[in-house]
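Sharing a structure with you now.
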Amino acid sequence: MTRTLRLPRADGALTPYTLTGSAAVAPSSGPIRSRVGFAAVHVVADPLAAINPTLEVALDWEATLAYRRYLWSLGLAVAEAMDTSQRGMGFDWETARELIKRTVAEAKTVSGAVVASGAGTDHLEPGPRVTLADVEAAYEEQCAWIERCGGRIILMASRALAAAARTPDDYLKVYGRILSQVREPVIIHWLGEMFDPALAGYWGSADLDRATETLLAIVNEHAAKIDGVKISLLDQRREIAMRRRFPRGVRMYTGDDFDYPTTIRGDGERASDALLGIFDVIAPAASAALKALDANDLARYEAILGPTLPLARHVFGAPTRFYKTGVVFAAYLNGHQSHFRMVGGMESARSVVHLAEQFALMDRAGLLRDPDSAVERMRHVLALSGID
């Protein structure tokens, strides 16, 4: 099979692209010891379900769970039912409940498998009549479900809280109540407005310095109930400055899909663990790089992760919230699912020009595990746009 395709460019031209022929990053098995490496993972829609895909959700459960087993086989942890799974973008809490139950149960059958699941308030529609007590009750419902399933909690940001809160003290009150009730330490997720515009002004201020102080106050007061904090602001300097102020024992989980190699490697004083959507896309490279870090082989670590950065910055490019399309597209190209369909019809959220560039960047990073199959699948995507 020829490994040359005509790929569309932003100027409308079609340009021949020939695959590099470089070897794919070899997947590796076994535990990762020097860092905690969570992949925030996507879900696989059922393309044959007789539903209205913009209004209803149907998953291919076997393909969805198979991808989680794949991540565990690489030594990565799974961050379940978070924004990568399209929470708040077509994936409802009712289906998320079932996903969490099935994933936690599946993890118990896999030696060494780690999973933590997102608890939010997405079943509570923001509105002028929503009170802080309503937000607390919504958080309590989702946290209770995860604990009932035997899972760990990732406390996600709340659109309803962002709408209802009037001052930073409102965040202190709500988070304090929830943290006082959880059984085990949780991961708090600060999701920036580039990922979700409805979360602008989270922690009670549009000023990120003031918002940071509010979150740090929560962390310092409730450190015993906090495993770590995931920062998704695409702001490396803020992340590094913030983790220096964490109490010992509280982890910083980088959510910076633009600069993760530096923050994970560390600065000699502290380092970030990882909870990243891009780890879903670059799973073999993420696993291999973290294992190189285990061996203190920094040159290999950099050599593996460095080529993935252009891909990550493209997948998470503005509008950042549509990065989920690139995550599922990568899974399709690599044969982890048989189709390129998404919950809510979100496969249409990125242009064919954007997807073509992602294909090329995955090739250059050694992330097409079967290049011939990926070329054939890319041809199908191009054909839908009239490119033969």
Side-chain angles (χ1 to χ4, degrees), residues 36-46 49 56-72 76-124 135-160 178-179 181-189 191 196 225-228 230 232 253 255 275-277 279-280 283 324 327-328 331 336-337 342-344:
V36 179
F38 277 101
V41 66
H42 72 284
V43 293
V44 182
D46 180 354
E56 301 168 275
V57 179
L59 296 189
D60 180 336
W61 289 109
E62 177 49 37
T64 295
L65 292 175
Y67 195 69
R68 284 137 181 80
R69 292 193 294 270
Y70 169 70
L71 293 174
W72 287 324
L76 296 171
V78 166
E80 186 59 277
M82 295 189 66
D83 50 296
T84 305
S85 72
Q86 298 178 245
R87 293 285 291 274
M89 291 186 72
F91 190 62
D92 57 75
W93 167 237
E94 182 180 355
T95 314
R97 281 167 52 102
E98 183 67 17
L99 175 65
I100 290 165
K101 182 175 74 172
R102 291 186 184 222
T103 304
V104 172
E106 191 74 19
K108 292 174 181 177
T109 72
V110 178
S111 177
V114 174
V115 60
S117 305
T121 67
D122 47 323
H123 62 296
L124 176 65
V135 174
E136 290 171 352
Y139 265 132
E140 287 167 349
E141 177 183 335
Q142 295 201 12
C143 288
W145 176 258
I146 293 169
E147 290 185 335
R148 196 174 303 132
C149 293
R152 295 172 55 189
I153 293 168
I154 300 169
L155 205 57
M156 300 195 300
S158 164
R159 290 177 178 174
I178 302 305
L179 290 169
Q181 298 178 66
V182 295
R183 295 176 188 167
E184 297 181 5
V186 308
I187 299 171
I188 294 177
H189 186 194
L191 190 66
D196 186 346
K225 289 294 186 78
I226 299 172
D227 168 57
K230 169 179 161 65
S232 296
Y253 288 96
L275 201 168
L276 289 162
F279 271 19
D280 185 307
K324 293 92 167 173
V327 173
V328 174
H336 293 293
Q337 55 193 77
M342 294 178 65
V343 170

For the student: nearest non-hydrogen atoms of F91 and V343, plus distance: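 In this case the closest contact between F91 and V343 is N-CG1, 4.0 Å.
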Atom of F279, atom of G37 and distance for their closest heavy-atom approach: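 The answer is CE2-CA, 4.4 Å.
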Mind checking the OG1-CD spacing from T95 to E98? Nearest 0.5 Å is all I need.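 With rounding to 0.5 Å, OG1 (T95) is 8.5 Å from CD (E98).
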Can you tell if the side chain of L155 reaches within under 4.5 Å of the side chain of C143, non-hydrogen atoms only?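 Answer yes - side chains close enough.
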State, with a plain yes or no, whether a side-chain heavy atom of K101 is found less than 4.5 Å away from one of W145.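 Side chain of K101 against side chain of W145, heavy atoms only: contact under 4.5 Å found.
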What pair of heavy atoms forms the shortest contact from L71 to A39, and how long is it?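 Between these two residues, the closest heavy atoms are CD1-CB, 4.0 Å.
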Step-by-step side chain to side chain contact (heavy atoms under 4.5 Å, CB included) determination, Q142 to H123: CA-CA 9 Å; Q142 295 201 12; H123 62 296; 2.9 Å; yes
CE on M342 to CD on Q337, rounded to 0.5 Å: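 One finds 8.5 Å between CD of Q337 and CE of M342.
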Decide yes or no for V41 and T84: does some side-chain heavy atom of the first lie under 4.5 Å from some side-chain heavy atom of the second?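 No, side chains not in contact.
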Please find the pair of heavy atoms, one from C149 and one from V104, that lie closest to each other, and give the distance.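 In terms of heavy atoms, the two residues are closest at O-CG1, 3.1 Å.
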When you compare the side chain of R152 with that of D227, does any pair of heavy atoms fall below 4.5 Å?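 When only atoms from C-beta onward are counted, R152 and D227 do touch, with a gap below 4.5 Å.
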Check against side chain to side chain contact (heavy atoms under 4.5 Å, CB included), F38 and V114: CA-CA 9 Å; F38 277 101; V114 174; 4.0 Å; yes
Give, for atom CG of L276 and atom NZ of K230, the distance between the pair rounded to the nearest 0.5 Å.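 Answer rounded to 0.5 Å: 5.5 Å.
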Can a salt bridge be assigned to the pair R102 and E106 using a cut-off of 4.0 Å between side-chain N and carboxylate O?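 E106 and R102: not salt-bridged.
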Does a salt bridge link R97 with E94, judged by any charged N lying under 4.0 Å from a carboxylate O?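 Between E94 and R97 there is no salt bridge, as every charged N stays at least 4.0 Å from the carboxylate O atoms.
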Under the 3.5 angstrom rule, does the side chain of Y67 hit a backbone N or O of D280 as a donor-acceptor pair?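 A pair under 3.5 Å: yes.
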Does T64 have any side chain to side chain donor-acceptor pair (under 3.5 Å) partners at least two apart in sequence or in another chain, and if so, which?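 Checked T64 against side chain to side chain donor-acceptor pair (under 3.5 Å); zero matches.
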Tell me the closest heavy-atom pair linking S232 and L191, and the distance in Å.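 For S232 and L191, the tightest heavy-atom pair comes out as CB-CD1, 3.8 Å.
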Pair M156, M82 - check side chain to side chain contact (heavy atoms under 4.5 Å, CB included), show working. CA-CA 8 Å; M156 300 195 300; M82 295 189 66; 4.2 Å; yes
From D83, D122, D196, residue fulfilling salt bridge (charged side-chain N to carboxylate O under 4.0 Å, His left out) relative to R159: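 Of all the options given, the one that passes is D196.
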Rounded to the nearest 0.5 Å, how far does CG of D46 lie from CG of D60?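 Here the rounded value is 6.0 Å.
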Is the closest side-chain heavy-atom distance between L179 and I188 below 4.5 Å?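 Yes, side chains in contact.
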For E62, check salt bridge (Lys or Arg N to Asp or Glu O under 4.0 Å) against everything at least two apart and list the hits.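 Partners of E62 by the salt bridge (Lys or Arg N to Asp or Glu O under 4.0 Å) criterion, ordered by chain and then number, come out as R69.
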With a 4.5 Å cut-off on side-chain heavy atoms, are W72 and V115 touching?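 Yes, side chains in contact.
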Could you pull out the closest heavy-atom pair between A283 and Y70, with the gap in Å?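 In terms of heavy atoms, the two residues are closest at CB-CE2, 4.3 Å.
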In the structure I gave you, are the side-chain heavy atoms of W93 and I100 within less than 4.5 Å of one another anywhere?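 They are in contact (side-chain heavy atoms under 4.5 Å apart), so the answer is yes.
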Kindly compute the distance separating CZ (R87) from CG (L99), expressed to the nearest 0.5 Å.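 Between R87 CZ and L99 CG, I get 9.0 Å after rounding to 0.5 Å.
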Student check: side-chain heavy atoms of S117 and T103 closer than 4.5 Å: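 A side-chain contact is absent here, since even the closest heavy-atom pair is not under 4.5 Å.
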Applying the side-chain hydrogen bond (donor to acceptor under 3.5 Å, both in side chains) criterion to Q181, which one of E140, E147, K225 satisfies it?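 The passing option is E140.
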Apply side chain to side chain contact (heavy atoms under 4.5 Å, CB included) to residues H336 and V328 and explain how you reach the verdict. CA-CA 9 Å; H336 293 293; V328 174; over 6 Å; no
